[in-house]
Protein chains: 2
Amino acid sequence: MDVSTPSAVNGHAPAAKAATIRDVAERAQVSVASVSRVLNGSDAITESTRRRVLDAVEYLRYVPHVGARSLSTSRTDTIGVILPDLYGEFFSELIRGMDLAARAHGKHLIVSSSHGDTEETLAALRSMRGRVDGMIVLSPHLRAANLAADVAGRMPVVLMNGGLDEAGRPSIAIDNHGAAVTAVEHLRATGRRRIAHIRGAAGNLEADIRAEGYASALVDQEPIIVEGDFTQAAGHRAATRLLALDQRPDAVFAANDMMALGAMLAFQEAGVRCPEDVAVIGFDDVPLAALVRPTLTTLRVNIAEMGRRGVERLIGLVQAGPNGAPDSACEIVRPLLVERQSTAAAETAGSTTVNPTAQPL
Amino acid sequence: MDVSTPSAVNGHAPAAKAATIRDVAERAQVSVASVSRVLNGSDAITESTRRRVLDAVEYLRYVPHVGARSLSTSRTDTIGVILPDLYGEFFSELIRGMDLAARAHGKHLIVSSSHGDTEETLAALRSMRGRVDGMIVLSPHLRAANLAADVAGRMPVVLMNGGLDEAGRPSIAIDNHGAAVTAVEHLRATGRRRIAHIRGAAGNLEADIRAEGYASALVDQEPIIVEGDFTQAAGHRAATRLLALDQRPDAVFAANDMMALGAMLAFQEAGVRCPEDVAVIGFDDVPLAALVRPTLTTLRVNIAEMGRRGVERLIGLVQAGPNGAPDSACEIVRPLLVERQSTAAAETAGSTTVNPTAQPL
DNA sequence: ATAACAAATGTAATCGGTTACATGACACAG
DNA sequence: CTGTGTCATGTAACCGATTACATTTGTTAT
């Protein structure tokens, strides 16, 4: 072994400067056009030419300059994602699903967050122009989302906010209304007759729709709604208020899992048993839901799957081009009811020994 | 109100096609050079010229083509991030911190995950070449990380993997060894004398270093180490095995919070009280740690802060250019001990009534 | 043998910026 | 009035890819 440099070991060029397509052409003794053709697999190429080009590419560690490519093809193979925030499990899952789908299609992902601010959403959007082929915008506020779609101009945009009525823009939304109905019906099916709702922050689209769905599904009872803000602490406070009512509810539908957990904790502290005395159902199916005792019944939203669908939808729009069939459909994601211990039927709940802390894994 | 089109409302051009710098120059009655100068604030420009250009930019909604710009300046103002996975709270936090820092410096973020595979790490890295000014690579395997830095060629790379010995590459690492020592010393300070360790997956750098730190900090006892893999279930199993020992430990240092939680659950199921009979300390400080009862003492890693530092470090490298002072330092992040109920002192623990399920929020 | 045609390859214009250098305008000193 | 220097602006050559079109080479039919 008398090799002296790493380059020599791998048989690579020293490459002080990144190689260009011309360097490759020169080394392979062909024209730049042939190199381009080999790399894009577009045209007829002799096997010997192909081999020489690929060898040169390998030797020079040639990687096409994306800027130059995007300049001549006006494509970037990149998708922009604007999120209201990057905080928490939800967005992490979403990005994961998007990344999976994007990589499957050879696309890249640029992420940016708007911190819930409409102005920042627009700024992020503008700065992505020309950098991406299309965008996915999540915004809890309908106005910001629609505005964003306007600013984007001819760039394809897929909206993913809670609202269903996107006024004819391509979008993906959770069936919040239907899921809320499912939750209430499940509670009734397990024998509950006084069902309360802990709702999400006022003004949040998803919170509004879930509360509305809850109210619409009630039978023989008035709505019992207490305000929350999606945090565990809010769920705890809300449950405390429910316990103070003259007629206590025998079931609670919380607008998300974290509030459901807070409520369950409040019930435990007050000596109210779950599910015997009160059933609790959440929304989301965060990992924690399966880990607490009693395990939490909830409506599972496959977030990663939603991300995947968003990306594939967008890629479809990009490929269709501005002349493609106008796509204004709103794709609906239906949450799945996941039955666990927290809503075990009222009549059987008493018989089985459900010890909240001593369940095996 | 007799305006007919949105364009007319905003006083904007119809813009069927995206405007170029030449369109702006034409409308502002100046040369492209002047437009460029105004936009980059580089040279002396008359106030009237500046105004005309800015008006034209506004009217045409001109946004410079990043591809073209990167072609002539060979900068992209984009940072690439390669993560082993996008799953869970840790990466979500990290991306959040990175995004914050990137946006503060006017940079964009491209993310990609390698699914733990070395080959995929390299593929992701290659495909980012030319698309980014520099990269941040997270890899639990030293080899992959170092390889990545090689493949990157002249592109600046900041490594963020568990290992401390990066052989002279710019990197940021958690002080796993020091934190493990802190954990053990804390347990001893609260009166514990038989301390066990539930370690992370074999082969994982961080797991190895934490285990090694644990062993080195022991006094008057042999190491008691059981294998885990960072999941809650593994923590549960490990704790079960610890309970079966002839001499039960009176404290457990788990290599992360999820395993600590699993262990606490196993102890509760077995009727072993925490912290009276056994103290438990975790690592990470996931949000859940403060929510369970007893609340979990842990070593907090400020993940978002780590992300921020990674980005700023990288930006520094990019600005310095290839001729900058060679930066080979490894920046250390020291986890912070967060004392909670799960390690309350052994002698006082018995006196206070610690009911694992009935604590107020 | 050669015309006619197809397949492979090369040439050069183009994409939209940046910027070195050239040019023009204007002020002021001699 | 002219020479000189300063400042604002314009001209055109890049950056590195793609691709329409031109050209070469090879094949087949007559």
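Each chain gets a letter, A, B and so on, in the order its sequence line appears, and its residues count up from 1. Here the structure is a predicted model, which is why all the values come from computation and not from measurement.
Neither OP1 nor OP2 of dC15(D) sits under 4.0 Å from any side-chain N or O of S70(B). Put simply, T49(B) has a side-chain N or O that comes within less than 4.0 Å of OP1 or OP2 on dT9(D).
The nearest whole Å value for the distance from the CZ atom in R52(B) to the C1' atom in dG10(D) is 13 Å. Between the CZ atom of R75(A) and the C1' atom of dG16(C) there is a distance of 17 Å, given to the nearest Å.
Side-chain polar atoms of R75(B) and S70(B) form no donor-acceptor pair below 3.5 angstrom. Judged purely by distance below 3.5 Å, without hydrogens or angles, the side chains of H108(B) and S112(A) never pair a donor atom with an acceptor atom. No side-chain donor-acceptor contact under 3.5 Å links T20(A) and H65(A).
Taking a 4.0 Å limit (strictly below) on heavy-atom distances, residues 23-30 of chain A does not reach DNA chain D anywhere.
In this structure, R131(B) has no salt bridge (charged side-chain N to carboxylate O under 4.0 Å, His left out) partners at least two apart in sequence or on a different chain. In this view, R308(B) and E305(B), E312(B) satisfy the salt bridge (charged side-chain N to carboxylate O under 4.0 Å, His left out) rule, not counting sequence neighbours. Partners of R51(A) according to the side-chain hydrogen bond (donor to acceptor under 3.5 Å, both in side chains) rule, which considers only residues two or more places apart in sequence or in another chain, do not exist here.
Axis orientation changes by 60° from one end of the helix from dA1(C)-dT30(D) to dG30(C)-dC1(D) to the other, with each end axis drawn from 5 pairs and the value rounded to 10°.
Here the side chain of D77(B) pairs no donor or acceptor atom with the backbone of K107(B) at under 3.5 angstrom. Of the possible donor and acceptor atoms, none in the side chain of R27(A) sits under 3.5 Å from a partner among the backbone N and O of R22(A).
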Between the protein and nucleotides 16-18 of chain D, list the N/O to N/O atom pairs that are separated by less than 3.5 angstrom.
from    : atom 1 : to     : atom 2 : distance (Å)
dG16(D) : N2     : A68(A) : O      : 3.4
dA17(D) : OP1    : Y62(A) : OH     : 2.8
dA17(D) : OP1    : H65(A) : N      : 3.0
dA17(D) : OP2    : I21(A) : N      : 2.2
dA17(D) : O5'    : Y62(A) : OH     : 3.0
dA17(D) : N7     : R22(A) : NH2    : 3.2
dT18(D) : OP1    : N40(A) : ND2    : 3.1
dT18(D) : OP1    : R69(A) : NE     : 2.9
dT18(D) : OP1    : R69(A) : NH2    : 3.0
dT18(D) : OP2    : S36(A) : OG     : 2.7
dT18(D) : OP2    : N40(A) : ND2    : 3.4
dT18(D) : O4'    : S72(A) : OG     : 3.1

Q: Starting from the C-alpha separation in whole Å, work towards a yes-or-no answer on side chain to side chain contact (heavy atoms under 4.5 Å, CB included) for R50(B) and L54(B).
A: CA-CA 6 Å; R50(B) 152 171 283 107; L54(B) 292 179; 3.8 Å; yes
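Here the closest non-hydrogen pair linking L39(B) and V57(B) is CD1-CG2, 4.1 Å.
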